[in-house]
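The analysis underlying the following values was restricted to heavy atoms, covering all of them including side chains, and did not include hydrogens, waters or symmetry mates. Every number for a ligand or one of its atoms is a count from 1 in the order of the listing.
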Amino acid sequence: MDDLEEESKRRGIPIIGKEKGEWLLQKVKEHQPKTILELGTANGYSGIILGSEGGELITIDINIKIVEEAIINYTKFSIDGKIITGDGVEVVKSLPTNYFDFIFIDFYKNGYLKILDDCLRLSKKGGVIIADNISAEGCQDFKEAILNNSKLKTKIIKIKDGLSYSVKIN
Ligand SMILES: C[S@@+](CC[C@H](N)C(=O)[O-])C[C@H]1O[C@@H](n2cnc3c(N)ncnc32)[C@H](O)[C@@H]1O
């Protein structure tokens, strides 16, 4: 993973990186999700973490070129992830209700709020929704929305530009 992080940095591929990655891995180990959804695959760095405990991983990215790299990296790390190439905002509409134990949002920032209702629909009760870059400009409407949503219990994790960690409580 260190090599993949180095290569991603060198080529300007915006992956979550080691520090957030270690936190994310801890959450995956803690929750042992059976079903995982990711928005924003990139070259597969975070997907390798999400799928590392053997859950069913579905991940979405709009960029076919980067998806080709994720396929190669999943094979290298023996991750059995299903990658859907398309606009995450549209793709989530066709996914099954109450299906996911764990959702990781890390695609374009103005898209976060657009998919919030779908993520709530897709998530099981007790399911986890994590969003990256939560303190970055462009995520503030989403941040307010999750902090004020009665269906979610949310914490802000202060690693670099932040992550939100929400549990769907009803
Ligand atoms: C920050 S990167 C994801 C990094 C990845 N989660 C990781 O840490 O390894 C954001 C990704 O979102 C993708 N993306 C941007 N707009 C999108 C959209 N509308 N639907 C799906 N993916 C999108 C980009 O192609 C890019 O690969």
Q.
I'd like to check the salt bridge (charged side-chain N to carboxylate O under 4.0 Å, His left out) partners of Glu53; sequence neighbours left out, ordered by chain and number.
A.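 Checked Glu53 against salt bridge (charged side-chain N to carboxylate O under 4.0 Å, His left out); matches are Lys29.
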With heavy-atom distances below 4.5 Å as the criterion, would you say the side chains of [X] and [Y] are in contact?
X      : Y      : result
Phe142 : Lys114 : no
Ile49  : Trp23  : no
Cys119 : Ile105 : yes

Q.
Could you tell me if Asn43 and Asn73 have a donor-acceptor pair between their side chains, going purely by distance under 3.5 Å?
A.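 No, no side-chain donor-acceptor pair sits under 3.5 Å.
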Q: State, without any angle test, whether Asp101 and Thr35 hold a side-chain donor-acceptor pair at a distance under 3.5 Å.
A: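 A pair is found: one side chain offers a donor N or O, the other an acceptor, under 3.5 Å apart.
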Using a strict cut-off of 4.0 Å, indicate which atoms of ligand 1 neighbour a heavy atom of [X].
X     : result
Ala42 : 3 (C), 4 (C), 5 (C), 27 (O)
Gly86 : 20 (N), 21 (C)
Ile15 : 7 (C), 8 (O), 9 (O)
Glu38 : 6 (N)
Tyr45 : 9 (O)

What protein heavy atom lies closest to [atom]? Include the residue and the distance to one decimal.
atom                    : value
atom 17 (C) of ligand 1 : Ile62 CG2, 3.6 Å
atom 19 (N) of ligand 1 : Asp87 OD1, 3.0 Å
atom 16 (N) of ligand 1 : Tyr108 CD2, 3.5 Å
atom 7 (C) of ligand 1  : Ser46 OG, 3.0 Å
atom 4 (C) of ligand 1  : Asp106 OD2, 3.2 Å
atom 13 (C) of ligand 1 : Asp61 OD2, 3.3 Å

Q: Using heavy-atom distances, let me know which of Gly40, Pro14, Ser8, Gly88 sits nearest atom 2 (S) of ligand 1.
A: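 Result: the heavy atom closest to atom 2 (S) of ligand 1 is in Pro14.
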Below 4.0 angstrom, N of the basic side chain to O of the carboxylate: do [X] and [Y] qualify?
X      : Y      : value
Arg10  : Glu5   : no
Lys27  : Glu30  : yes
Lys109 : Asp106 : yes

Just distance, no hydrogens or angles: give the donor-acceptor pairs under 3.5 Å from side chains in residues 82-100, sequence neighbours left out.
residue, atom, partner, partner atom, Å
Asp87, OD1, Val89, N, 3.0
Glu90, OE1, Lys93, NZ, 3.3
Glu90, OE2, Lys93, NZ, 3.3
Ser94, OG, Val91, O, 2.8
Thr97, OG1, Arg121, NH1, 2.9
Tyr99, OH, Glu56, OE1, 2.6
Tyr99, OH, Glu56, OE2, 3.3

Q: Please assess Ser166 against Lys153 for the test side chain to side chain contact (heavy atoms under 4.5 Å, CB included), listing each intermediate value before the final yes or no.
A: CA-CA 5 Å; Ser166 307; Lys153 192 164 189 271; over 6 Å; no
Please check whether [X] reaches ligand 1 - meaning an N/O of the residue sits under 3.5 Å from an N/O of the ligand, judged on distance alone.
X      : value
Lys109 : no
Asn63  : no
Ile16  : yes
Asn43  : no
Phe107 : no

Q: Tell me, please: is Lys20 in heavy-atom contact with ligand 1, that is, under 4.0 Å?
A: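 No, that is not the case, since the closest heavy atom of the residue is not under 4.0 Å from the ligand.
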Q. At the 4.0 Å heavy-atom cut-off, does Leu39 count as touching ligand 1?
A.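 Distance cut 4.0 Å: Leu39 fails for ligand 1.
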Q. Where on Thr41 is there a heavy atom closer than 4.0 Å to ligand 1, on the side chain, on the backbone, on both, or on neither?
A.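 Looking at Thr41 and ligand 1, just backbone atoms fall under 4.0 Å.
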Q: Verify, without hydrogens or angle tests, whether Glu38 (side chain) and Asp61 (backbone) share a donor-acceptor contact under 3.5 angstrom.
A: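 Judged by distance alone, no pair lies under 3.5 Å.
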